[in-house]
Every structure is written in C-alpha cells, then in structure tokens.
Enquirer: 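I have a structure here, written as structure tokens, and I will follow up with some questions on it.
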Amino acid sequence: LHIYDDSPLTLVFVFADGGGARESFDVLVDGRKAASYTRGPHEPAAAELRVSLPLAETAGKTAVVVRFQAHADARTGRLVELRSVQEHLE
C-alpha cells in the first residue's frame with residue numbers, strides 16, 4: 001500500500017457480513033502487530049475497523065505491507081474495502 005512518508009497513517013478496513021462464522025485475527029503492518037479484531041457469528045452484517053499508526057512507525061516509508069493473520073479456530077474477515085487516510089500538505 002503506497003503512503004506518504006511524512007504523516008501519521010490511519011487504515012480503515014470495511015468487512016462484509018461474516019456469514020455466520022467467527023472472525024478473529026491480527027492486523028499486521030510491515031510484520032508488526034498493529035491491532036487485533038474479533039467478531040462473533042451473530043454481529044452486524046458489515047463492520048468497520050480503524051487502525052491508527054503514529055508517524056514514528058511510518059516516517060520515511062513510501063509503502064507498507066498490510067496482512068491479516070487468523071487466530072486459532074477462526075478466520076479473517078472478508079475485506080470489502082481498504083482506505084489509507086493521511087493529511088499530506090505540499
């Protein structure tokens with residue numbers, strides 16, 4: 001994911017209906033755990049998760065790798081949309 005190297009980063013994930021399955025996973029950014037997310041089988045159809053990263057973790061980077069890692073006996077969410085939110089002044 002391409003980003004600006006001079007501002008904090010917020011990642012916004014939009015997930016589809018879980019389909020009645022338990023979703024539980026870690027969000028990894030450049031191999032580091034940035035957040036954990038769990039949604040039970042009977043929770044709302046769509047869900048949004050925001051993960052904010054301080055500038056200290058993204059300074060000097062023009063790209064990051066975002067990955068989901070499922071917890072035991074669960075699956076990751078079905079991603080519908082991923083947005084990167086940054087204030088960049090030129």
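Since we're looking at a predicted model, the values are computed, not measured.
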Enquirer: Quick check: closest heavy atoms across Ala70 and Ala74, and the distance to 0.1 Å?
Expert: CB-O, 3.7 Å
Enquirer: Looking at Arg78 and Glu23, is any side-chain nitrogen of the basic one under 4.0 Å from a carboxylate oxygen of the acidic one?
Expert: no
Enquirer: One thing to verify: whether Asp73 and Arg22 come together as a salt bridge, which I'm taking to mean a side-chain N less than 4.0 angstrom from a carboxylate O.
Expert: no
Enquirer: Is any side-chain heavy atom of Leu11 closer than 4.5 Å to one of Arg50?
Expert: no
Enquirer: Identify the two heavy atoms, one from Ser24 and one from Thr38, that lie closest to each other, and give their separation to 0.1 Å.
Expert: OG-OG1, 3.0 Å
Enquirer: Could you tell me the separation between the CD atom of Gln86 and the CG atom of Leu55, rounded to the nearest 0.5 Å?
Expert: 9.0 Å
Enquirer: Could you tell me if the side chain of Glu48 sits less than 4.5 Å from the side chain of Glu81, heavy atoms only?
Expert: no
Enquirer: Do the rings of Phe25 and Phe15 sit parallel, tilted or perpendicular, given the 30° and 60° boundaries?
Expert: perpendicular
Enquirer: Should Val85 and Val12 count as side-chain neighbours, where that means a heavy-atom distance under 4.5 Å?
Expert: yes
Enquirer: Decide yes or no for Val64 and His2: does some side-chain heavy atom of the first lie under 4.5 Å from some side-chain heavy atom of the second?
Expert: no
Enquirer: Give, for atom CD1 of Ile3 and atom OG of Ser84, the distance between the pair rounded to the nearest 0.5 Å.
Expert: 8.0 Å
Enquirer: Are Tyr37 and Thr76 close enough that some pair of their side-chain heavy atoms sits under 4.5 Å apart?
Expert: no
Enquirer: Does Leu9 reach the side chain of Val51, with side-chain heavy atoms less than 4.5 Å apart?
Expert: no
Enquirer: Would you give the length of the straight line joining atom CG of Leu49 to atom CZ of Arg39, rounded to the nearest 0.5 angstrom?
Expert: 10.5 Å
Enquirer: First locate atom OG1 of Thr10, then atom CZ of Arg83, and finally report the distance between them rounded to the nearest 0.5 Å.
Expert: 11.0 Å
Enquirer: Could you tell me if the side chain of Val27 sits less than 4.5 Å from the side chain of Phe13, heavy atoms only?
Expert: yes
Enquirer: With no hydrogens and no angle check, is any side-chain donor or acceptor of Asp26 less than 3.5 Å from a backbone partner on Ser36?
Expert: no
Enquirer: Any chance the side chains of Asp5 and Thr62 put a donor and an acceptor closer than 3.5 Å?
Expert: no
Enquirer: How long is the straight-line distance from NZ of Lys61 back to CG of Leu53, given to the nearest 0.5 Å?
Expert: 8.5 Å
Enquirer: Go through the steps to decide whether Arg32 and Glu57 satisfy the test side-chain contact (heavy atoms from CB on, under 4.5 Å), and finish with yes or no.
Expert: CA-CA 10 Å; Arg32 188 192 70 76; Glu57 293 184 29; 2.4 Å; yes
